[in-house]
Structure formats: structure tokens, C-alpha cells
Engineer: 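Sharing a structure below in C-alpha cells format, with a few things to ask.
Along the sequence shown, residues carry numbers from 1. Since this is a predicted model, take the numbers as computed values, not measurements.
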Amino acid sequence: MDALAVFCVFAVVFTDVIEGSGVLPDGPLTAAVGGTVSLNTKLTPTATPLLVVAWTFIVNSEEKPIITSTTVNKTEPPYEGRITLFIQTGSLELRNLALNDSGDYRVSIITDGGDQITGTTTLKTLVPVSDVKLMVSSTDLVEFNSTARLSCSSSGSSLSFLWLNGSSEVTVSDRVQLTDGGATLSIVGVTRYDHASFACRVSNAVSEGTSDPEHLTVSFGPDDIHLKVSPLQQYIAEGSNVVLSCTAASRPLALFSWALDGELLSYIGPDLSLVNIQESQSGKYSCHAFNGRTLRHKTSQPLSINVLKNISGGSIVASTSQPIEGMAVNLTCDAAGSIFTREWMKSGSALVLDDHMALHDEGRVLSFRDVRRSDSGPYSCRISNPINMEDVSYGMAINYGPEAVQISGPREINVKQTLTLTCSATSVPSATYTWTRRNQSEIHNTSTFVKNNVDISDSGSYVCIASNNITGVNVSAEHRLAVTEKNSSLCSAGCIAGIVIASLVICAAAAGAGYYIYNKQKQSTNRTSRNISTRTERERQDITAESKNEELNYADLNFFHTKDGQTVQSVPQNNSAVYAEIRVNSKPTAASSPPSYNVHMQRIKRRAPQPFDTNEVQV
């Protein structure tokens, strides 16, 4: 059966068949001329080939056979060698497409089950974009005076045009126009912001291409002219180097000329350097900018330069290099040149005078009646006039001390342990330290004294002497140490019971003694000092016995007096330490028997320490 006969059979068979919905994809399908397109059905591939598949091309409502497949395939001559039929799904692939392949395509299918299916889709073939070119009427433009015209050309079909300014899309505005279907771009009255690279992008449904960029050069200016001076000062010191700089917005770069008080100078260029400037060069300077492309020019506002003498060689000199607390000190601020003002500062802030400070000689001399440690710190003096200023500085350290000498360390320690005593004092400069044992020579000369494996013989007083070589003051402190041999064994139950019983006995004895002393005190209210001189031999024996149980200790004597409403400590003359003896009972009276009345009265007659006034001696 030839193709025409098969086609006639299909025409009869499908006369009453409704076209299958969604058998072919919705059109139109697009493909490039010379390319390939697949007209795929949406049928699921079958295990056996379809009974009949027929593809036709519809032109002016007339169907022309492409391929018919029954037991054999019949391909029409225009499609031989450039189509492929997939018999399991009825899909068709067309290759080497031409423009006249555009149109409607229909497939008619009979499945092995006898189902009759038909579908139609549209194919549009396009010539790919190629040979995209950009042409510009002129690339050398003047701001506000010129109009730029750019034309884009390309091969291809169904073309669309897009204009790019750098990477940004160009849009239509009052100055920007698109004509010839977007192929021509016109910019009326170009501005400096149109100074950029332009390109056109051409596209259709199957391809696109972009032209090489064209750069528009837009000349403008000069405008926005500025004149600057460095250094920026109302007055310039004679001998300084001064640079005047002139800038202007301009393309191409403007040419600059200079004038002083309206008279043209011979120098040409954006920077005018005045080296080792002299007073005769004072005046009003201005610069003139000119653009040779736009033929426009601009003159800056004048800038005044005033050249005067300057200050140099400033310094602060102290009346002494090692001030000691309480000493009178003067700081003198001076310099060469014309001095208008002097401003004193301390630690970077304006100096605040108090009752022991004063300024003399128009601020030249800062006087301290009696310097204090709080006066230590960095001082600076700013010497200034309309020409320049100079900051000079001086660091003043007030020497004082040592004072507040302290010894830290244990008061009691076991034998064979390590003893560490640390001595500290407030002093500027830092104090030096010397350690001694009472009535012995120096044993150490740093702030920390260390003794390993102490024994009983190391008990006693340790003296630390802090010295300041500048103030000449020596101050000492004493530390009492007891080295003991302690039994570390725990107390037995019998021991604990004995301690409890002894405590009860002591409490009872103390109560009886208290009652006895109370009655005796009532009877002895009017006694005079003769009671002390007429003590019995028994009383003296009691006192002697008690003295045997006392231990001799020493303490510093510190003298205090009142000065300026405050209590201050006086240092003994010749810087020697003064000590007082203090006897302490090292063997307490047995707890089982209360002290005798005479012993008790001897104790209570000793005056307890009292608060001292500013003229008393503290022990």
C-alpha cells in the first residue's frame, strides 16, 4: 500500500474521531534554522509498536504527509534523511530545520488495542542572531552641547534590542529616545554622567548576541573650583614651606594659572609651592582654571596668606632637680620669639591653682610654696602667638617617705619550718630595706627575709629599717616571733575530761575572787598612795614572783603633733628608732587558784592604753 492510499484510509478512519487532548505539547515550539526539534507525544512507551503512526504538515489548511508507519515506514522525499520516528510513542524528530518548516504538525495514531489518537502542535523556526554591530555618530562630545546617536544592526529573525550602559539597562527618558524598533539610541544634550561604554544586545527566542562596546567621551567644565593651603593657618611662620593647591571638576583636565593680589604670576600648574616663605610674600592668592576643549574657564575665591615671625626653643626649667615634699619649688616657662600667652597644664588638662601655688611674671613662673606629693606629674606649658605655638613639658616627681612601714608574716611558727617576713613602706623613690635582730648586726638587705629550718633560738624581735636616699629618712618596724615545739597528738578522753573539770574550777574561783575584790574595793576607796609604799613583804614577793613570769618586749615610740589642723608623725632626730619596753606575762597563773588581792591590785593599777591627743607620745 503506498503512502497516498494509507493516508486516505486514515482520513476515512478518523472522520469521526475527536482530536486527542494533550497528546502533543502546547505550541508554538521554537527552533533555530539549521537546528533540531523533537515533536514528542505524551504517550507511555508500549511493549509492542503502535499499529499505525502518521505525521502530516499543514500548509494553508492542506495536510501534506511527512511519514507513515504501518508494517513499514514511508517517508516523503523532502524529509528523507532528516527525520526520525519513535514507533513506541509516535514522537518525531526533525533535523536541519529551514524557515519553511514553520507551521502546524499533526500526528494520527492507532494503538495495538485499537484506540484512535490524534494531536496538533505548531513549530516556529527562527534564524539565529549573528553579526551584531554598533555604530556611533560621534564619540567626542561636549556636555550640554552635543547629541549622541548609536545604531545597532544584526542578522536573524524576530529580533529584539536591549541597550546597556556598562552593566545597566538604558531606559527611555526625556533625554533618551529609542527608534527603529529599538535599533537606534539617541541621547539629547549629553551630560558628564553619559561618559561611559554603551553596547546593544540583540535576541530572539532561540539565540542572542551582544555588540562590542563603544565608549562615549563627554567633555565638561571647569567648575566646582577649590583653592586650599597647607598648612592651614591664619598666620604662617617665616621660613616655612607653604603649598597652594587648586582643583576643579573638568574633562579634559583644566590648565591652572596663579595670581597674587590680582597680578598674574609666572607659575603654571595645579600646585603652587612657596619654599622658605618670607614676609614679603604675604597677600591674597587666587587660581584660574581653563578647559581647552569646552573653551570654558573659572576663577577661585582669593585666599589670604599672612607671614610672620615664630616662637622657638621653648623649655621648662625647675629650681631644683630633686624636689622633696615641703620644699619651695619654681617652674619657669620660656622661649625665643614674640610670646603672647602661656598656658600651664598638668596631665593634659588645664592647671587649677590652689592655696600653695601661684603664677608670676605674666604666667612665666609657676611657684609652689611647699610642694606636696600630689603635685607629682607631667606639667606642660603652651607658648603661643598668632604665628605658631610650642608645647614644652616637664615631669616633676616629689620625693617623700618612707612611711607606713609594715612587716607581714607569722607571729608564731614551729621549729624546722620556713620563716618568710615581708617589709613594705610608702616611699618615692622606692625604699631600701635592712633587717636586723635586736642588738645584732644586719642579717638581710631586701624587702623579704627568708629563714629555713627555724629553731627555738630564732625566737625574738626582727627589725626592718626602710631608708630613702633622697629624703634622708629612715623608719623602722619591729616584728615579734615565737618558735615553738607543738605536740600534734590528739587529746585522749581522760585529757578532755580533765580540761572540763579544770574549766569548772577556774570559773568557780573567778566568781569567788570577783566577790572578794568587790568587797575589798569598797573598803579601800579612800586609801592614798601610802598603801603602795607600805606594801608588806608578802606583796613584794608576789610582785617579784609575777615579774619572773613576765617577758620583755619592745615597741616603736612614734611621736605625734598637730600641724595645720592635722595630726602628723614626727621622725626622731638622727633617724634612730625609739623603743619602749613592754613586759608581758609569758607564764599564766595556774587556773586552779585565784591571784592574791595584792597581785590583783598591782595589775588593775596599771593604766590601760588611752586615746592620745596630738601632743602625746604613742607607744
Engineer: Looking only at side-chain N and O atoms, does Thr139 offer a donor or acceptor that is under 3.5 Å from a partner on Thr217?
Structural biologist: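 No pair is found: no donor N or O on one side chain lies under 3.5 Å from an acceptor on the other.
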Engineer: Distance to the ring centre below 6.0 angstrom and angle to the axis at most 45 degrees; does that hold for Arg373 and Tyr400?
Structural biologist: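 Ring-cation test returns yes.
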Engineer: Given the side-chain rings of Tyr394 and Tyr379, with only the six-membered ring counted for Trp, is the space between their centroids under 6.0 Å?
Structural biologist: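 Tyr394 vs Tyr379: aromatic centres not under 6.0 Å.
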Engineer: Strictly distance-based, threshold 3.5 Å: is any side-chain N or O of Ser219 a donor or acceptor partner for the main-chain N or O of Val142?
Structural biologist: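 No; zero donor-acceptor contacts below 3.5 Å.
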Engineer: Would you find a donor on one side and an acceptor on the other, under 3.5 Å apart, between the side chain of Glu238 and the backbone of Leu308?
Structural biologist: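 Not at all, since once roles are kept as given, no pair shorter than 3.5 Å links the two residues.
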Engineer: Are Ser286 and Ser300 close enough, and set up right, to give a side chain to side chain donor-acceptor pair (under 3.5 Å), and what steps lead you there?
Structural biologist: CA-CA 6 Å; Ser286 60; Ser300 71; 5.2 Å; no
Engineer: Quick test of your reading of the model: are Asp391 and Arg382 salt-bridged, counting only N-O distances below 4.0 Å?
Structural biologist: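 Looking at Asp391 and Arg382, the cut-off is met.
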Engineer: My understanding is that only one of Ile67, Thr41, Asn40, Val53 makes a side-chain contact (heavy atoms from CB on, under 4.5 Å) with Leu92; could you say which?
Structural biologist: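 Per the side-chain contact (heavy atoms from CB on, under 4.5 Å) rule, the option paired with Leu92 is Ile67, out of Ile67, Thr41, Asn40, Val53.
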Engineer: Answer yes if the side chains of Ser102 and Thr125 hold a donor-acceptor pair under 3.5 Å, and no otherwise.
Structural biologist: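 Yes - a donor-acceptor pair under 3.5 Å links their side chains.
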Engineer: Please confirm whether the backbone N or O of Arg192 pairs with a side-chain atom of Glu143, one donor and one acceptor, at under 3.5 Å?
Structural biologist: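 Such a contact is found between Glu143 side chain and Arg192 backbone.
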Engineer: Can Ser245 and Asp271 be counted as having a side-chain donor-acceptor contact under 3.5 angstrom?
Structural biologist: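 Indeed, the side chains of Ser245 and Asp271 share at least one donor-acceptor pair under 3.5 Å.
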Engineer: Do Ser349 and Ser347 get their side chains close enough for a donor-acceptor pair, meaning under 3.5 Å?
Structural biologist: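 Short answer, no.
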Engineer: Would you call Asp355 and Arg372 a salt bridge, taking side-chain N to carboxylate O under 4.0 Å as the test?
Structural biologist: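 So Asp355 pairs with Arg372 through a salt bridge.
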Engineer: Check the orientation of His195 and His215. Use parallel for under 30°, tilted for 30 to 60°, and perpendicular for over 60°.
Structural biologist: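 If you compare the ring of His195 with that of His215, the planes turn out perpendicular.
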Engineer: Checking side-chain polar atoms at under 3.5 Å, does His360 have a donor or acceptor matched by the opposite partner on Asn330?
Structural biologist: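 Absent: no donor and acceptor within the cut-off.
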Engineer: Is a donor from one side chain sitting under 3.5 angstrom from an acceptor on the other, for His226 and Thr247?
Structural biologist: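 Thr247 and His226 do not have a side-chain donor-acceptor pair below 3.5 Å.
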Engineer: Donor-acceptor pair, Asn388 side chain versus Ile311 backbone, under 3.5 Å?
Structural biologist: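 Here the side-chain-to-backbone pair exists.
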Engineer: Determine yes or no for a side-chain-to-main-chain donor-acceptor pair under 3.5 angstrom, with Arg342 supplying the side chain and Cys333 the backbone.
Structural biologist: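 Side chain of Arg342 to backbone of Cys333: a pair is present.
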Engineer: Is the closest side-chain donor-acceptor distance between Thr120 and Asp104 under 3.5 Å?
Structural biologist: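 Result is no, nothing qualifies.
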Engineer: In sequence, state the C-alpha distance, the side-chain angles, and the governing distance for Cys246 and Ile225, and then conclude on side-chain contact (heavy atoms from CB on, under 4.5 Å).
Structural biologist: CA-CA 7 Å; Cys246 193; Ile225 189 168; 3.8 Å; yes
Engineer: Does Asp224 come within less than 4.0 Å of Lys298, counting only side-chain N to carboxylate O?
Structural biologist: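 Here Asp224 does not pair with Lys298 in a salt bridge, since their nearest N and O are not under 4.0 Å apart.
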Engineer: Less than 4.0 angstrom from a charged side-chain N to a carboxylate O is my criterion; do Arg296 and Asp223 meet it?
Structural biologist: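 No, Arg296 and Asp223 are not salt-bridged.
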Engineer: Any sub-3.5 Å donor-acceptor pair from Ser154's side-chain atoms to Ser130's backbone N or O?
Structural biologist: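 It does hold such a pair.
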Engineer: Determine, for Arg106 against Glu63, whether the closest basic-nitrogen to carboxylate-oxygen distance falls under 4.0 angstrom.
Structural biologist: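 Result for this pair is yes, salt bridge flagged.
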Engineer: Is it true that the side chains of Ser250 and Asn291 contain a donor and an acceptor less than 3.5 Å apart?
Structural biologist: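 There is such a pair (donor and acceptor under 3.5 Å, judged by atom type) between the side chains of Ser250 and Asn291.
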Engineer: If you measure from the Lys or Arg side-chain nitrogens to the Asp or Glu carboxylate oxygens, is any gap between Asp101 and Arg95 under 4.0 Å?
Structural biologist: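 Judged by the 4.0 Å cut-off on N to carboxylate O distance, Asp101 and Arg95 do not form a salt bridge.
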Engineer: Atom NZ of residue position Lys42 - does it have more than 12 heavy atoms of other residues, nucleotides or ligands inside 6.0 Å?
Structural biologist: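 Enclosed: over 12 neighbouring heavy atoms sit under 6.0 Å from NZ of Lys42.
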